[in-house]
2 protein chains.
Amino acid sequence: MSAQTSRRERLRQATLEEIHAAARKLLVEQGSAAVTINAVARQVGMSGPALYHYYAGHDELVGAVTADFFRELAAVMERARDARAGAPTGERLLAVCRAMRAWSVAHPAEFGWIFASTISPPNRGAASARHQAALRFEQVLLDLTAELWRNRPFPVPDLAALPASQREQLTAYSAAIDGRLPPEAAHVFLACWIRLYGLLCMEVLHQLDFAYTDMEPVFEECLRDLATALGIDDTQGAAS
Amino acid sequence: MSAQTSRRERLRQATLEEIHAAARKLLVEQGSAAVTINAVARQVGMSGPALYHYYAGHDELVGAVTADFFRELAAVMERARDARAGAPTGERLLAVCRAMRAWSVAHPAEFGWIFASTISPPNRGAASARHQAALRFEQVLLDLTAELWRNRPFPVPDLAALPASQREQLTAYSAAIDGRLPPEAAHVFLACWIRLYGLLCMEVLHQLDFAYTDMEPVFEECLRDLATALGIDDTQGAAS
DNA sequence: ATGTTTCCTTAATGGCTCTAAGCAAACCTA
DNA sequence: TAGGTTTGCTTAGAGCCATTAAGGAAACAT
């Protein structure tokens, strides 16, 4: 294993990229069921079982491609954050949320894989690429929220007033994120996360078509709620 | 076609029930992918293509079973509503929400089919059993909310202050439900619906496992928010 | 120059969806 | 009650899929 990437290694990486691109193309153009080992291999120009030199099976291929999507989404969010490097934290957080929605709406099939997939065993482990990518994704929002908390703590509930079960879970989660948010603040963070993510899922999976087809105003409304909960004074107008 | 159910018809119904039960058993015990035409037929005791006498294909079978789940969920909610026939509307509404969660958590695989499924073309039509069942399901919450609105109108936003797109959509939806809620009230109803359904999806699809494993307190918290939004004074304590 | 590793191939097994062809029992009707 | 028709099933088969096995040829390492 040389430190410098060998020719072989470069070729292999190129092939992997080609495989991922083929899988994504099939997903977007023909839906989830069309992403089969055989179809992907055909698209790439090799036949069938050759793909097993790159992935142990269908589930692993799907996991790798899903991790790609996660990374792409995280990258889009990070870019939105970094594009406003000097701006107030709250403004950056809202921009990140909007970037998240923009990507999700523009890539519904990909978002569907990220969210609606039952996570198959090979991708369940904490070491899996899928999980790593999910962490990075979570991190973007967590970082900004922690920054917000440090700069100007937002209102939090009284920890003692919460049910014991919830208190314990929040304490454990606070520890898991190295105490960057105390349990009470983690409570608010998770509540925001739930509303944001939940709304996006409803939109992308078309659960609200019976009433809403254009969800943009609903999303902005949700964002205003979150801004209030996080003590972001929305002096800059919400983009529309 | 006799008005009285013929012997043939009774047998056919019994077979249909057996098929549905077999499909559900496979779903619950071995997951979504195990529900194949062949496996279901094997379970029922007939072999393969016989099932095509009952359903035109895999999608239609899935749609029929999913509609069953929808109906079962709706029935559970209706029962919760009717068990408190004399009680205040708000209390009944909360009971219905809790019943909805109880069923969903107790039947995650079934809920997954209801929610997380991309709705396949044969089940997309407004006349499909799936859609009918979804309507009945929506109805339970809508009825109670409309009753609430008639008895003691809850606070609503100013329609004129909403974006034009949203205003139009709410007006159309209000008309679609025969004006039982005016557009402003429909706005509040839909906001509640989104939070409730969204949270449930996150829970059942395990999107929050990284922080919460016991979501019961989170759900009760959400319910308190909804009660506030709907002007339900929660004098009776929330069951815990 | 030789042995090893890597990448790919074809062959084959067994499962899946779905169509086609056909048999037998149940039903209606005359 | 004898006739044809409808219904419920069967097996056969085409074409897809995932996955394993066996082997060939090129690239690489020494």
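Values in this document were obtained by computation on a predicted structure and should not be read as measured data. First the proteins, then the strands, lettered A, B, ... as listed; each starts at 1.
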If you assign each of B:Ala39 and B:Ala56 to its closest nucleotide in DNA chain C, which residue comes earlier from the 5' end? B:Ala39

Of all of residues 43-50 of chain B, which get a heavy atom below 4.0 angstrom from DNA chain C, listed by number? B:Pro49

With respect to A:Phe137, which candidate in A:Phe69, A:Trp193, A:Trp103 satisfies the ring pair (Phe, Tyr, Trp, His ring centres under 6.0 Å) definition? A:Trp193

Calculate the interatomic distance between A:Leu51 atom CG and C:dC7 atom P; express it in whole Å. 13 Å

Which nucleotide, D:dT19, C:dC16, C:dC18, lies nearest any side-chain atom of B:His58? C:dC18

If you restrict it to nitrogen or oxygen atoms, what contacts under 3.5 Å exist between nucleotides 22-30 of chain D and the protein, and what is each distance?
unit_1, atom_1, unit_2, atom_2, d
D:dC28, OP1, A:Arg7, NE, 3.0

Phosphate contact (D:dC16 OP1 or OP2) by A:Asn38 side-chain N/O below 4.0 Å: no

If I compare all heavy atoms of B:Cys97 with all of B:Leu196, which pair ends up nearest, and what's the gap? SG-CD2, 3.6 Å

Taking all atoms of both residues into account, what is the closest heavy-atom pair of A:Gly57 and A:Tyr52, and its distance? CA-CE2, 3.9 Å

Considering every strand and a 4.0 Å limit on heavy-atom distances, what is the contact class for B:Tyr54: base, sugar-phosphate, or nothing? sugar-phosphate

Keeping B:Arg92 on the side-chain end and B:Arg84 on the backbone end, is there a donor-acceptor pair under 3.5 Å? yes

Counting only side-chain N and O atoms of B:Arg12, is one of them less than 4.0 Å from OP1 or OP2 of C:dA26? no

Between B:His107 (side chain only) and B:Val28 (backbone N and O only), is there a donor and an acceptor less than 3.5 Å apart? no

Find out whether B:Tyr54 and B:Val40 are in side-chain contact, i.e. whether some heavy atom of one side chain is under 4.5 Å from a heavy atom of the other. no

Mind checking the OG-CZ spacing from A:Ser174 to A:Arg167? Nearest 0.5 Å is all I need. 14.0 Å

For residues 11-23 of chain B, tabulate all N or O donor-acceptor pairs below 3.5 Å that involve a side-chain atom, not counting sequence neighbours.
unit_1, atom_1, unit_2, atom_2, d
B:Arg12, NH2, B:His53, O, 2.8
B:Gln13, NE2, B:Glu9, OE2, 3.3
B:Thr15, OG1, B:Leu11, O, 2.9
B:His20, ND1, B:Asp68, OD2, 2.5
B:His20, NE2, B:Tyr55, OH, 2.5

